[in-house]
Visitor: 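Questions regarding the structure given below will be posed in turn.
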Amino acid sequence: MTKEETLKALLATDLTGAEWTKSSFSGGTGQDCLEVTRVAGLGWVLRHSILTDHIIPLTDAEYLAHCNGVKANEPGLVP
């Protein structure tokens, strides 16, 4: 499957029963959160806790690259 096909498949996935995870640093309101879920065999999907119908699909490699950049404190990825 090409990267474009993978991303389109992630966008087409029914996420109704997905288990979304958010950082424990998100605060207590539940409204300042970036949430993520893993779609087995395809990749990851990100969403905001308020605009839950707006999702961002990421391949495994893209998500890992972003996480590694945050861990490394790369400029532009961390405050």
Side-chain angles (χ1 to χ4, degrees):
M1 185 177 294
T2 68
K3 181 183 272 194
E4 182 176 354
E5 290 169 335
T6 299
L7 295 172
K8 286 180 179 180
L10 283 165
L11 287 172
T13 299
D14 180 5
L15 299 171
T16 304
E19 292 185 29
W20 294 91
T21 302
K22 62 185 173 188
S23 169
S24 61
F25 294 95
S26 295
T29 68
Q31 295 188 344
D32 335 345
C33 310
L34 177 64
E35 301 174 326
V36 62
T37 192
R38 173 88 170 90
V39 178
L42 290 175
W44 299 82
V45 177
L46 304 177
R47 73 177 187 184
H48 191 280
S49 57
I50 295 174
L51 299 174
T52 58
D53 56 334
H54 296 270
I55 61 172
I56 301 171
L58 298 169
T59 65
D60 287 329
E62 292 166 337
Y63 186 67
L64 181 61
H66 178 75
C67 290
N68 286 336
V70 170
K71 288 179 188 176
N73 290 317
E74 288 185 357
L77 295 181
V78 292

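The first residue of the sequence shown is numbered 1, and numbering continues consecutively from there.
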Visitor: Just how far is it from atom CH2 of Trp44 to atom CG of Leu64, taken to the nearest 0.5 Å?
Guide: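 Here the rounded value is 9.5 Å.
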Visitor: Pair Arg47, Leu15 - check side-chain contact (heavy atoms from CB on, under 4.5 Å), show working.
Guide: CA-CA 11 Å; Arg47 73 177 187 184; Leu15 299 171; over 6 Å; no
Visitor: Nearest 0.5 Å please: distance from the CG atom of Leu34 over to the NZ atom of Lys22.
Guide: 11.5 Å
Visitor: Mind checking the OG1-CG spacing from Thr2 to Leu7? Nearest 0.5 Å is all I need.
Guide: 8.5 Å
Visitor: Mark yes or no for whether Thr37, through its side chain, and Glu19, through its backbone, hold a donor-acceptor pair below 3.5 Å.
Guide: yes
Visitor: Flag the pair Thr13 / Leu42 as yes when at least one side-chain heavy-atom distance between them is below 4.5 Å, and no otherwise.
Guide: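 Contact flag for Thr13/Leu42 side chains = yes.
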Visitor: For side-chain contact (heavy atoms from CB on, under 4.5 Å), just list the numbers for Tyr63 and Val36, CA-CA rounded to whole Å, side-chain angles, deciding distance to a tenth of an Å, and then say yes or no.
Guide: CA-CA 10 Å; Tyr63 186 67; Val36 62; 3.7 Å; yes
Visitor: Does Arg38 reach the main-chain N or O of Gly43 with its side chain, forming a donor-acceptor pair under 3.5 Å?
Guide: yes
Visitor: How many angstroms lie between atom NE2 of His48 and atom CD1 of Ile56, to the nearest 0.5 angstrom?
Guide: 10.5 Å
Visitor: Look at the side-chain heavy atoms of Ile, Leu, Val, Met, Phe, Trp and Tyr, link any pair under 4.5 Å apart, and say whether Val39 and Trp20 land in one connected group.
Guide: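 Result: yes, single cluster for both.
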Visitor: Would you mind telling me which of Lys3, Lys8, Met1 makes a side chain to side chain contact (heavy atoms under 4.5 Å, CB included) with Glu5?
Guide: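 Going through Lys3, Lys8, Met1 one by one, the side chain to side chain contact (heavy atoms under 4.5 Å, CB included) with Glu5 is satisfied by Met1 alone.
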Visitor: Are any of the side-chain heavy atoms of Leu10 and Ile55 separated by less than 4.5 Å?
Guide: no
